[in-house]
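The next block holds one structure in the form of structure tokens; read it before the comments.
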Amino acid sequence: NAGLAKRAATDPDATAAMMFHRNGGLLCRSVTSERYTRIWNSEVTARLLELNGRHGWQPATPSIRVKAEGEAALFASDHDLFAFLAHPDRVIQDGSVGGLRRGFFVWNSEVGAASLGISAFLFREICGNFIVWGAERVTELRIRHVGTADQRAWGEIRTALRTYSDQSPEEDEALIARAQRTLLGGTKDEVLDRVFGLRTTLSREKIGAAYTATLQHPDDGDPASVWGMVNGLTRISQATPYADERMAVDRAAGKVLAIAF
């Protein structure tokens, strides 16, 4: 109400698009500019069901590798929507027990709180609160709610997911093998210097912690390699309590991975 009053005082001719929810009364769910293009959560879920039926993507559950029973990773409120889908049958071998699976997050807000987005990645395991352990090769696509967003959204996302789903495991395995062969240095100090020189926001101490984390998990590979360091950074990220700090670590891991690709 304060924002509307201020807007009216500064620009009496201003217009806005308002969405109301009617259920025994009227509740204003959002106030947006007239440039805003709404993508309804119901449209998103309908497309996810299509992906489930045609391409085999399934809502992720804890320990999908062993098909354990559990709550599916599908969440929605009056504010936003989040879903985590995974492909149970596509296995990419990286030398770890069980290998990697393909998965993606999709999120949306029909009230202007967030863009429509998708984040696709390879992962090892899912724990009970749906933290993805060992996520690698994360790529994102975001579509803002403006212009022809409703027309563009699913064309771009469908194409990206179809390519991702149908991609041969051998291609990913070849890329992983290259990352495993690519060394960052001959000693620990050389490795830390190389990663620190990428100009990320990480301290040398945190990079050293990632190196140590890799040493403690033999499946993660050689800590002096690109693949080993990425795995170590991923473990550091998952142990970080704040989302902004985790994102900084994940972005640093992406820069390290780019060295091999």
Side-chain angles (χ1 to χ4, degrees), residues 60 64-65 73 84 86 91-105 107 117-142 164 171-261:
I64 191 172
R65 190 169 61 206
F84 174 10
V91 181
I92 293 90
Q93 300 298 337
D94 69 331
S96 65
V97 177
L100 297 167
R101 305 276 174 172
R102 289 175 179 158
F104 70 90
F105 297 148
W107 61 90
I118 179 173
S119 178
F121 48 84
L122 304 178
F123 70 94
R124 287 207 179 103
E125 190 58 279
I126 310 168
C127 66
N129 60 354
F130 299 110
I131 294 174
V132 179
W133 295 93
E136 310 288 356
R137 293 197 62 200
V138 177
T139 57
E140 287 193 1
L141 172 65
R142 293 174 182 265
Y164 184 55
E171 295 179 39
D172 282 321
E173 289 167 1
L175 292 173
I176 291 170
R178 186 189 308 168
Q180 291 171 333
R181 293 192 304 268
T182 303
L183 297 180
L184 296 167
T187 66
K188 178 179 177 179
D189 285 339
E190 290 176 356
V191 172
L192 269 55
D193 289 342
R194 178 80 181 277
V195 177
F196 188 73
L198 295 176
R199 298 182 182 277
T200 68
T201 59
L202 301 185
S203 66
R204 201 171 188 277
E205 181 182 5
K206 182 156 285 189
I207 298 169
Y211 187 99
T212 300
T214 306
L215 283 175
Q216 294 170 347
H217 297 86
D219 278 355
D220 288 351
D222 183 351
S225 69
V226 166
W227 188 248
M229 177 54 67
V230 168
N231 277 306
L233 289 170
T234 298
R235 292 190 180 277
I236 293 298
S237 170
Q238 299 300 340
T240 302
Y242 302 108
D244 57 340
E245 295 178 9
R246 289 178 62 177
M247 186 175 296
V249 179
D250 291 337
R251 286 177 173 170
K255 284 190 174 184
V256 174
L257 197 59
I259 292 174
F261 299 157

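What's counted below: heavy atoms across the whole structure, side chains too, no hydrogens, waters or symmetry copies. Because the structure is a prediction, the values reported are computed rather than measured.
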If I take atom [atom1] from residue [X] and atom [atom2] from residue [Y], how far apart are they, to the nearest 0.5 angstrom?
X	Y	atom1	atom2	result
F121	L100	CZ	CG	11.5 Å
I236	N231	CD1	CG	12.0 Å
W227	L184	CH2	CG	13.5 Å
L122	R101	CG	CZ	11.5 Å
L183	D222	CG	CG	6.0 Å

Sequence neighbours left out, what passes side chain to side chain contact (heavy atoms under 4.5 Å, CB included) with [X]? Give chain and number order.
X	answer
Q93	V91, E173
T182	R178, V226, I259, A260
T212	K188, Q216

Item to check | salt bridge (charged side-chain N to carboxylate O under 4.0 Å, His left out) contacts in which one or both residues fall within residues 191-200, not counting sequence neighbours | outcome: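 Pairs touching residues 191-200 that pass the test: D193-R204.
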Item to check | Any residue meeting side-chain hydrogen bond (donor to acceptor under 3.5 Å, both in side chains) with S237, in chain and number order, not counting sequence neighbours | outcome: D250
Which pair of non-hydrogen atoms, one from [X] and one from [Y], has the smallest distance, and what is that distance?
X	Y	result
E190	G185	OE1-C, 3.6 Å
P223	V191	O-CG1, 4.0 Å
K255	L198	NZ-O, 3.6 Å
K206	V249	CD-CG2, 4.1 Å

Checklist entry - Which residues satisfy the salt bridge (charged side-chain N to carboxylate O under 4.0 Å, His left out) test with R181, sequence neighbours excluded? => result none
Item to check | Single hit among D220, L233, V230, T234 for side-chain contact (heavy atoms from CB on, under 4.5 Å) with T214 | outcome: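 The option that passes is D220.
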